[in-house]
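Letters A, B, ... mirror the listed sequences (proteins, then strands); counts begin at 1.
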Amino acid sequence: MPNNRNVYIADLKDKTGQEVTLSGWLYNSRSSGKIQFLIIRDGTGLCQCIIEKGKIPDKLFDDLKRLGRESSLTVTGTVRADERSVGGHELAVTDAKIISPTDSYPITPKSHGVDFLLKHRHLHMRSQRQWCIGKIRHTLIDAIRMFFNDNGFTLIDTPIFTSFAAEGEQTLFEADYFGTPMHLTQTGQLHLEAAAMSFGKVYCFGPTFRAEKSKTRRHLTEFWMVEPEIAFIDLDGLLELAENFVSFIVDRVMQKNRSRLQTLGVDLATLEKIKPPFYRLTYTDAADILTGDRTQKFLAEQLEQLKNQKQQTESKIAELEEKQKGRLKQWQKDKIAAELIELRTDLAETDTKIENNPKHAKLASEFRWGKDLGGSDETIISQMHDKPVFVTHYPGEAKAFYMKADRKETKVVLNFDLLAPAGFGEIIGGSVREDDYDLLVKRIAEYGLNAENYEWYLDLRKYGSVPHGGFGLGVERTIAWLTAEKHIRQCIAFPRLMDKIYI
RNA sequence: UCCCCGAUAGCUCAACUGGUAGAGCGAGCGGCUGUUAACCGCUAGGUUGUAGGUUCGAGUCCUACUCGGGGAGCCA
């Protein structure tokens, strides 16, 4: 005999015809004189509950009618399938208990500004969009662990307090460790290399801190990163691992989140293309592409498209503005006003893109071998491809000290970035590590780093050094890519931004 | 750090070139038996971010500041 006194909405599909009790929060409600529709959420989904006058006490009917959004309650009723309902099932209510009534819940079903929502993140989490992203994040992290665990990797928890820089000293957060200056980790990589010499294949997964002064849609000061590190591997091996890994997690996220991705408006067909092999370019190839005619042509075409788009939006706005002047019902006016707000936002975005296009074209044409690929350069390369792109063999001087120099072409290092397609940009950075003791000592000196801090790291090259390497994948960036979310701050529950921590 | 934009009701936005500050949502009350951001009627809700200036008159113009958004550099 199944227990129907505490049922989750996600399980309703197996309960058709049965009487069950749900516990949750009032997501939204509509009412007519003698019938009410309450949308309840319980953390597993949404369910529309139908309340007909006469089937419950009048007092309760009135109380429910007045109940504010996000009040907590339990409802009891019979489950039935109905296409008109969210989720395909609804509850014909026979009884309800209000646990805690709410009035004036600050977040309404209408639109809100960014600042307001971040200030109310503790409540905004309850909204459909944030809930879907949270669920997707959960399955992504689960898939990441599953991939490494099933492929012979050992999890190593690397420390958060560290005494040295691995990724450039300007981006360190300082901490006071009982009077000793210390900082928060920028990567677990160096410790992970030590572990790889013990376990062979390892990974770490945790928060990472970078004090980058970057106020963009792609940056957080605290973000989660997974980093595998493998002994006895070369660059080709790393690329193969990375493309298998990314394909696996994308596939897994899709399998587990179809309806959530659809709710978010994601085009599943583009994600289904994410299968090995990915495109492979060297840095030199990328430089040639950027400075070549093809790119200029590509950008020129893009500019044309953007201008067309702008014109279309503008004429649509003019049309609506004209319409607004005519005689209309109030609700029609409101609808037009809402559409106008949306169109104006689109227009502003298109304008920014139009403004940036020539700048990007100029930057691309002026690209000189030796510079690091800029954000706009990455965007261009990734826009020109429908699958992720590896860019390998960067000039060593633009990259971190620990990257292994190519033994034939000594100016470049054996590293790679993985750019997500359609303009999203970098989600992975990785490299083969310098395994030669003398070369590494030289690099540490060249970068002006304090050699004392790296003694233990150099030991790894003294005692059985082997070719090895690894990479880091940014979790929030991956989520933003998969969910087509514009800003990375929506991809973590409580984001830490460059100049502000809300809650 | 630099460049651009913004700040008007609890929220999202209006207010043509300076001339009595308006809608919707939300809240309260009433109506409606299948709603999908439901709908319809009524009510309440404001020192227009702060400080100063120009003017007969400032939400609107000028200066400074504060806060926010977008972009650039750098990166996962």
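At a threshold of 4.0 angstrom between heavy atoms, the contacts of A:H120 with the nucleic acid are absent. Among the heavy atoms of the strands, none lies under 4.0 Å from A:G68. Backbone-only engagement by A:H112 is indicated by non-hydrogen atom pairs under 4.0 Å involving sugar-phosphate atoms exclusively. Counting any heavy atom pair closer than 4.0 Å across all strands shown, A:E83 reaches no nucleic acid atom. Contacts of A:N28 with the nucleic acid, taken as non-hydrogen atoms under 4.0 Å apart, involve only primed sugar atoms and P, OP1 or OP2. As judged by a 4.0 angstrom heavy-atom cut-off over every strand, A:K500 is placed among residues touching the sugar-phosphate backbone only. Heavy atoms of A:T208 sit nowhere under 4.0 angstrom from any nucleic acid atom. Across all strands, A:L473 comes closer than 4.0 Å to no nucleic acid atom at all (heavy-atom distances). Counting any heavy atom pair closer than 4.0 Å across all strands shown, A:R218 reaches a base atom. Residue A:D103 is classed as having no contact, given no heavy-atom separation below 4.0 Å to the nucleic acid. At a threshold of 4.0 angstrom between heavy atoms, the contacts of A:Y502 are confined to the sugar-phosphate backbone, with no base atom among them. Here A:R489 lies in heavy-atom contact (under 4.0 Å) with sugar-phosphate atoms only. A:K65 comes within 4.0 angstrom of a nucleotide base, judged by non-hydrogen atoms across all strands. Within 4.0 Å of A:I107, counting heavy atoms only, lies no atom of the nucleic acid at all.
Look at the C1' atom in both B:G49 and B:G6: the space between them is 11 Å, to the nearest Å. Nucleotides B:A7 and B:C61, compared at atom P, are 10 Å apart to the nearest Å. Taking atom C1' in both B:A58 and B:U17, the straight-line distance is 15 Å, to the nearest Å. Of the C1' atoms belonging to B:U1 and B:G73, the separation is 9 Å, rounded to the nearest Å. For the C1' atoms, the distance from B:G10 to B:G45 is 9 Å, rounded to whole Å. Nucleotides B:A14 and B:A51 place their C1' atoms 27 Å apart, quoted to the nearest Å. Taking atom C1' in both B:U33 and B:C39, one finds a spacing of 14 Å when rounded to whole Å. Remark: the separation of the P atoms in B:G19 and B:G71 is 35 Å, to the nearest Å.
Using a 3.5 Å distance cut-off with no hydrogens or angles, the side chains of A:S31 and A:Q36 do not pair a donor with an acceptor.
The cationic atom of A:K387 (NZ for Lys, CZ for Arg) does not lie both less than 6.0 Å from the six-membered ring centre of A:F278 and within 45° of the ring axis.
In this structure, of B:G70, B:A38, B:C11, it is B:C11 that holds the atom nearest to the side chain of A:F116. Each of B:U33, B:G10, B:A76 was ranked by its minimum atom distance to the side chain of A:R210; first place goes to B:A76. Distances were taken from every side-chain heavy atom of A:R80 (C-beta onward) to each of B:G34, B:G69, B:C75; the shortest belongs to B:G34. Ranking B:G68, B:A38, B:A76 by closeness to the A:M225 side chain, first place goes to B:A76. Side-chain proximity of A:H360 to B:A72, B:G34, B:G70: nearest is B:A72.
For the pair A:E485 CD and B:A76 P, the computed distance is 22 Å after rounding to whole Å. Here the P atom of nucleotide B:G73 and the CZ atom of A:R217 are 13 Å apart, to the nearest Å. Whole-Å rounding puts the A:L38 CG to B:G34 C1' distance at 14 Å. One interatomic measurement links the two molecules: CD1 of A:I51 to P of B:G34, which rounds to 16 Å at whole-angstrom precision. Look at CZ on A:F37: it is 13 Å from P on B:A37, rounded to the nearest Å. Separating the CD atom of A:Q36 from the C1' atom of B:U36 is a distance of 16 Å, rounded to the nearest angstrom. With rounding to whole Å, A:L64 atom CG is found 21 Å from B:U35 atom P. B:C74 atom P lies 14 Å from atom CD of A:E397, rounded to whole Å.
For B:U35, the base has a donor-acceptor partner in the side chain of A:Q48 [N/O atoms by modelled type, under 3.5 angstrom]. You'll find a donor-acceptor pair under 3.5 Å spanning the side chain of A:E90 and the base of B:G34, going by distance alone.
The shortest distance between the side-chain N/O atoms of A:R66 and the OP1/OP2 oxygens of B:C29 is below 4.0 Å. At B:A38, none of the side-chain N or O atoms of A:R84 fall inside 4.0 Å of OP1 or OP2 (strictly under the cut-off). At B:A38, one or more side-chain N or O atoms of A:R30 fall inside 4.0 Å of OP1 or OP2 (strictly under the cut-off). OP1 or OP2 of B:A27 has not a single side-chain nitrogen or oxygen of A:R69 nearer than 4.0 Å.
The shortest distance between side-chain heavy atoms of A:L473 and A:F245 falls below 4.5 Å.
The aromatic ring of A:Y105 does not sit over the base of B:G26, since the test of centres under 5.5 Å and planes under 30° is not met.
Environment of NZ in A:K55: sparse, with no more than 12 heavy atoms of neighbouring residues, nucleotides or ligands closer than 6.0 Å. Other residues, nucleotides and ligands contribute over 12 non-hydrogen atoms within 6.0 Å of the CD atom of A:Q128.
Nearest-nucleotide mapping onto RNA chain B: of A:L497 and A:I35, the residue sitting toward the 5' end is A:I35. For A:M498 and A:H219, each mapped to the nucleotide of RNA chain B holding its nearest heavy atom, the one lying further toward the 5' end belongs to A:M498.
Between the side chain of A:T295 and the backbone N or O of A:I289 there is at least one donor-acceptor pair closer than 3.5 Å.
Under the 30°/60° scheme for interplanar angles, the aromatic rings of A:H122 and A:H120 are found to lie parallel. Taking the six-membered ring for Trp and thresholds of 30 and 60 degrees, A:F173 and A:F209 have ring planes more than 60 degrees apart, a perpendicular arrangement. Aromatic ring orientation, A:Y283 versus A:Y394: tilted (interplanar angle from 30° to 60°). Using bins of under 30°, 30° to 60° and over 60° for the plane-to-plane angle, the ring pair A:F416/A:F390 lands in the perpendicular bin.
The strand RNA chain B forms stems, runs of 3 or more Watson-Crick or G-U wobble pairs with distances below 3.5 Å, at B:1-7 with B:66-72, B:10-13 with B:22-25, B:27-31 with B:39-43, B:49-53 with B:61-65.
Rounding to the nearest 0.5 angstrom, the gap separating the NZ atom in A:K59 from the CG atom in A:L64 is 9.5 Å.
Look at A:R80 and A:D82 and you find no salt bridge, because none of the NZ, NE, NH1 or NH2 atoms lies under 4.0 Å from a carboxylate O.
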